[in-house]
Asks: 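Encoded as structure tokens, here's the structure I'll be asking about.
Count residues from 1 along the sequence.
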Amino acid sequence: MSPTATKDTDSKEDVKISKSEKRKKSASDSSSKGDKEPSLKQPKQEKTESIYDEILKLEARESEARPADKDLELWKETCGELRSLMKDIFELKTKNSSPADVTEKRIQASLLFVTLKKLNRLEKLRIKRSRDATNQSKQSVDSFNLQLQNLLYEVLHLKKEVTKCVHFKSADESLSLIPTEQFYEEAPASVSRPEITETDEHALRLSRLQWELAKRRELGEEAEHRESDRDRLDGIIRSKEDKLRELGPQLASILSSTVPVQDYLGMPLSDKREQMSLARLLPPPLYILYTQSQAYSEACDKEVLVRVKGDGEEAREFRETKGEDEESQEEGKDESQDQEGDVEKMHRSKSVRGVDKAGKVLSLHPLQVEVVISNGEDKVFMTFNWLVVLGVVTVTITLTTKDKVEGEALNPNTLLSHLYSGDSGLESPNTTNSWQLAAAGLTDSWDKLLPDKLPYLWAQRLAGLDFLSVEPSEDPEESVKIVPNTDLAHMHVETTINSIRARLMSRIDLQKQLDMLSQSKLSQLELLPAALQSQFPARVMSKLKSWQSSDWEKYNLAEYTKHLVDHGVVDSDCSLYKAVVTRDKAVLTAMVSIAPSYPTTTPVFCLSLQLDSNTETQETCEMMRDLEREVNLGWGEQATDNDSLLLVMLHRLLVLLDVLLEVKSSMEEGEGGTSSTFIKSQVFFDTVKGKMRRLPLLYNSSQQLFQQR
């Protein structure tokens, strides 16, 4: 360590020791004197505080005067000396040197600590001074920024005021004035003052406004005069209307008094007049349906009755409101091309119209067309409705029968389904309806949304609607309007009415057959009509044991019906039944499907034979395949009429089952098997014949025997 440093440290240490001794003495003196000199305590404390302040000021001046880099060098030297002293003290202690040497080194290290504390205080003062200067600079910068923001805000405000002044529009600018040339021609010289206005635009503007005011006052007086004339004419018209209004009830009473005469002469003129007035209020599709059906009824079929039902006043109000809605929509389209203020009005009107959108989508026209098709005392009532938004015709069907026959075959919801191929009435023929319903939040099926109102395709044809011929519009926002075609309705009205009458007759006949099968004792039931008994053998050994209805799930679960389901011969729209036929130990199960288009599409039988714990179907046995084919396809040679077709086919099944079982027994007996299980009741020569080993399933009524085809 340098001698100067040791001297400084020694001198500093002596100063500190002397100061500490003086403090101790002063403290002892103050304690001993105590009560003797209380007046001297306050001056000493003030003196101490002044010395402390002077020391602080001295250190502050010293921190400003002394350079920081030199203090840094002094700090590094002091730390190096302190490190060497610590090392020497460690070596002395390890070598067990004299305590005096260790004490001396320790004193020197303590003095170095005093130097470090002095440097630390100076550095703290420098840091405080730098922070104060930084804060002062920040405050000045913030004040400058605030002044800048104030100036920018004032500039922006001035710009807005300038823009307002530039774009200021006077109230007279919205007035449409006559052209300047016309003004000089029409206005008198006292108003136009050409010598002044030709050179002064402001004077010209004032003159034109003055002339406009004079002209408008003249027009206002003329308008008042014409309004008085209008009021006078309105009074005259109102008086005449009152007279005509009083005349209406009198004419109505006269017409009502003539109703008995009309009924007596068979001339329902009042009813026709009322029907024609209602028909004029029908929507175009229902009007075409009414006119075409009425024309066909008058010309070709008197058993077809056509009427318009509904409230005429409600229909008139509906037509008026519909016209107002169309006008408002057109105005909305025009307003959509205007400025933003007009667009907001259009949006508000759209939001009001969007309330209860789901209910509006399914809204019906107030008037309906009722068509009644009769076959004797059997009648089917069809009520046609028009869905205004969806643009389709729906049908509600009811029927009455002579014998009050009821059952599954006469269900109104399926009575007229599949008049056209694939027309089940459960989906709308208009493909846009699915998107319209989805947009309105209606995701249920049609029969849940509108129960008993079915959109059959044949109903659309009667109304002249053809959705396949509609061409899409070039404008995607414009809705496509389908125009009904009279020629299309005229082309389908006769065939549709005849098909409906034929369907009614066939369904009544089918329901009677089903009632016989479900209510009678099957063992005593005579399936074959008397007219066809000569076409079948007289003796039948097989018996119909049971007949019951089935469903689509059970039909699919049966293994032997899979080929019919896979090829689409039978689907879920068919009516399904299960018949069980027995003869001794043989049990034949027949799954019967009756299509909606019965008897055009004949019933389809799917067979399964259980014999001696063996089950045979068309997939496992060639004989069962021949039997099933003969039952489903070979009935036309014996049952030429469609009356009681289901019973005839069931009777053929019993007869052909006898033949199959007896052929099977004969073949087993010929092969050296056991004796015949089934006694031969039918006549046939050959059990099988030809390469295909055909069974004798064709009955020859002239020879009264069975033979192969």
Asks: Supply the atom-to-atom distance K554 NZ to N556 CG, rounded to the nearest 0.5 angstrom.
Replies: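 These two atoms lie 13.0 Å from each other.
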Asks: I'd like to check L647 versus M516 (side-chain heavy atoms, cut-off strictly below 4.5 Å). Are they in contact?
Replies: yes
Asks: How many angstroms lie between CG in L653 and CG in L607, if you round to the nearest 0.5 Å?
Replies: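 Result: 6.0 Å between the selected atoms.
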Asks: Does a side chain donor of either N430 or T432 reach within less than 3.5 Å of an acceptor in the other side chain?
Replies: yes
Asks: Give me the atom names and distance for the closest heavy-atom approach of S428 to P455.
Replies: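 Heavy-atom minimum between the residues: CA-CG, 3.9 Å.
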Asks: Side-chain contact test, heavy atoms from C-beta onward, threshold under 4.5 Å: evaluate it for S575 versus E408 and give yes or no.
Replies: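 Yes, side chains in contact.
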Asks: Could you measure the distance from the CZ atom of R461 to the CE atom of M491? Nearest 0.5 Å is fine.
Replies: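 Spacing of CZ (R461) from CE (M491) equals 8.5 Å.
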Asks: Once rounded to the nearest 0.5 Å, what's the spacing between atom CZ of R307 and atom NZ of K309?
Replies: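 R307 atom CZ to K309 atom NZ measures 9.0 Å (nearest 0.5 Å).
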Asks: Under 3.5 Å, is there a donor-acceptor pair between the side chain of T561 and the main chain of Y555?
Replies: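 Checked: pair present.
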Asks: Provide the closest heavy-atom pair for P285 versus P484 in the form atom of the first, atom of the second, distance.
Replies: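 Heavy atoms only, the tightest pair is N-CG, 4.0 Å.
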Asks: With side chain to side chain contact (heavy atoms under 4.5 Å, CB included) as the test, pick out the partner of I500 among N498, I497, T496, L504.
Replies: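 Of all the options given, the one that passes is T496.
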Asks: Judged by atom type as modelled, is there a donor-acceptor pair below 3.5 Å linking the side chain of Q511 to the main-chain atoms of A409?
Replies: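 Checking the backbone N and O of A409 against the side chain of Q511, a donor-acceptor pair under 3.5 Å is found.
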Asks: Does the side chain of S499 reach to within under 4.5 Å of the side chain of L419, using non-hydrogen atoms?
Replies: yes
Asks: May I have the step-by-step check of side chain to side chain contact (heavy atoms under 4.5 Å, CB included) for V371 and I373, ending in yes or no?
Replies: CA-CA 7 Å; V371 180; I373 300 177; 4.2 Å; yes
Asks: Examine distances only and state if a side-chain atom of H492 and a backbone atom of L488 form a donor-acceptor pair shorter than 3.5 Å.
Replies: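 Yes; at least one donor-acceptor contact below 3.5 Å.
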Asks: Are any of the side-chain nitrogens in R226 or D229 under 4.0 Å away from the carboxylate oxygens of its partner?
Replies: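 Looking at D229 together with R226, the answer is no, because their closest N to O distance does not fall below 4.0 Å.
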Asks: Going by the rule ring pair (Phe, Tyr, Trp, His ring centres under 6.0 Å), which residues pair with F605 if we only count those two or more places apart in sequence or in a different chain?
Replies: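 F605: no ring pair (Phe, Tyr, Trp, His ring centres under 6.0 Å) contacts found.
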Asks: Strictly below 4.0 Å, N to O, side chains only: are K379 and E303 in salt-bridge contact?
Replies: no
Asks: Between the side chains of Q250 and E246, is a donor N or O closer than 3.5 angstrom to an acceptor N or O?
Replies: no
Asks: Could you pull out the closest heavy-atom pair between L426 and W446, with the gap in Å?
Replies: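 Nearest pair, atom of L426 first, then W446: O-CB, 3.4 Å.
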Asks: Could you go through V372 and V380, starting from their C-alpha distance and side-chain angles, then the distance that decides it, and tell me whether this counts as side chain to side chain contact (heavy atoms under 4.5 Å, CB included)?
Replies: CA-CA 6 Å; V372 182; V380 56; over 6 Å; no
Asks: Mind running side chain to side chain contact (heavy atoms under 4.5 Å, CB included) on Y577 and L517 for me, showing each step along the way?
Replies: CA-CA 11 Å; Y577 299 91; L517 291 173; over 6 Å; no
Asks: Could you tell me whether the side chain of R503 and the main chain of L415 form a donor-acceptor pair under 3.5 Å?
Replies: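 Yes: the side chain of R503 pairs with the backbone of L415.
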Asks: Indicate yes or no: at least one non-hydrogen side-chain atom of M591 is less than 4.5 angstrom from one of S550.
Replies: yes
Asks: How about E370: does its CD atom have over 12 heavy atoms from other parts shown lying under 6.0 Å from it?
Replies: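 Count over threshold, so yes.
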Asks: Is a donor on one side and an acceptor on the other found under 3.5 Å between the side chain of T601 and the backbone of S597?
Replies: no
Asks: Counting distance only, does the side-chain N/O of Q548 pair as donor-acceptor with the main-chain N or O of K578 below 3.5 Å?
Replies: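 Checking the backbone N and O of K578 against the side chain of Q548, no donor-acceptor pair under 3.5 Å is found.
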Asks: Yes or no on salt bridge (charged side-chain N to carboxylate O under 4.0 Å, His left out) for R316 and E313, after CA distance, side-chain angles and deciding distance?
Replies: CA-CA 5 Å; R316 291 185 184 90; E313 292 298 329; 3.4 Å; yes
Asks: Take the angle between the ring planes of F384 and W458 and call it parallel below 30°, perpendicular above 60°, tilted in between.
Replies: perpendicular
Asks: Indicate the atoms forming the closest heavy-atom contact of S593 with L576, along with that distance.
Replies: CB-CD2, 3.5 Å
Asks: Roughly how far, to the nearest 0.5 Å, is CD1 of I397 from CG of D452?
Replies: 9.5 Å
Asks: Any side-chain donor paired with an acceptor under 3.5 Å for Q436 and N433?
Replies: yes
Asks: Do the side chains of V392 and F467 get nearer than 4.5 Å, heavy atoms only?
Replies: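 Yes. Closest side-chain heavy atoms under 4.5 Å.
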Asks: Examine distances only and state if a side-chain atom of D509 and a backbone atom of S644 form a donor-acceptor pair shorter than 3.5 Å.
Replies: yes
Asks: Is there a salt bridge (charged side-chain N to carboxylate O under 4.0 Å, His left out) between R245 and D242 once you walk through the steps?
Replies: CA-CA 5 Å; R245 195 176 297 109; D242 293 338; 2.6 Å; yes
Asks: Looking only at heavy atoms, which two atoms of G312 and L281 are closest? And how far apart?
Replies: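 For G312 versus L281, the nearest heavy atoms are O-CD1, 3.5 Å.
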Asks: Give a yes or no on this: more than 12 heavy atoms of other residues, nucleotides or ligands lie within 6.0 Å of atom CD of E553.
Replies: no
Asks: So, taking the atom named NZ in K453 and the one named CG in L364, what distance separates them when rounded to the nearest 0.5 Å?
Replies: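 Between atom NZ of K453 and atom CG of L364 there are 6.0 Å.
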Asks: Spell out, as yes or no, whether a donor-acceptor pair under 3.5 Å connects the side chain of S417 to the backbone of T414.
Replies: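 Confirmed, S417 side chain pairs with T414 backbone.
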Asks: Of all the heavy-atom pairs spanning M382 and L416, show the shortest one and how long it is.
Replies: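 Distance-wise, the nearest heavy atoms are SD-CD1, 3.7 Å.
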Asks: Between D301 and R501, is the salt bridge (charged side-chain N to carboxylate O under 4.0 Å, His left out) condition met? List the steps.
Replies: CA-CA 11 Å; D301 195 344; R501 181 178 284 113; 2.7 Å; yes
Asks: With side chains defined as the heavy atoms from C-beta onward, is the minimum distance between L650 and W547 less than 4.5 Å?
Replies: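 Yes - at least one pair of side-chain heavy atoms lies under 4.5 Å apart.
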Asks: When you compare the side chains of T401 and D403, does any donor N or O come within less than 3.5 Å of an acceptor on the partner?
Replies: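 Short answer, no.
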Asks: So does D378 get a backbone contact from the side chain of N375, meaning a donor-acceptor N/O pair under 3.5 Å?
Replies: no
Asks: Identify all side-chain donor-acceptor contacts of residues 562-573 below 3.5 Å with residues at least two apart in sequence or on another chain.
Replies:
{"unit_1": "H563", "atom_1": "ND1", "unit_2": "Y560", "atom_2": "O", "d": "3.2"}
{"unit_1": "H563", "atom_1": "ND1", "unit_2": "Q618", "atom_2": "NE2", "d": "3.2"}
{"unit_1": "H563", "atom_1": "NE2", "unit_2": "E628", "atom_2": "OE2", "d": "3.2"}
{"unit_1": "H567", "atom_1": "ND1", "unit_2": "H563", "atom_2": "O", "d": "2.7"}
{"unit_1": "D571", "atom_1": "OD1", "unit_2": "D573", "atom_2": "N", "d": "3.1"}
{"unit_1": "D573", "atom_1": "OD2", "unit_2": "H418", "atom_2": "NE2", "d": "3.1"}

Asks: For the pair R507 (side chain) and L410 (backbone), establish whether a donor and an acceptor sit closer than 3.5 Å, ignoring hydrogens and angles.
Replies: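 No: the side chain of R507 does not pair with the backbone of L410.
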Asks: Set out, in order, the CA-CA distance, both residues' side-chain angles and the distance that settles side chain to side chain contact (heavy atoms under 4.5 Å, CB included) for N385 and T383, then state yes or no.
Replies: CA-CA 7 Å; N385 291 276; T383 304; 4.1 Å; yes
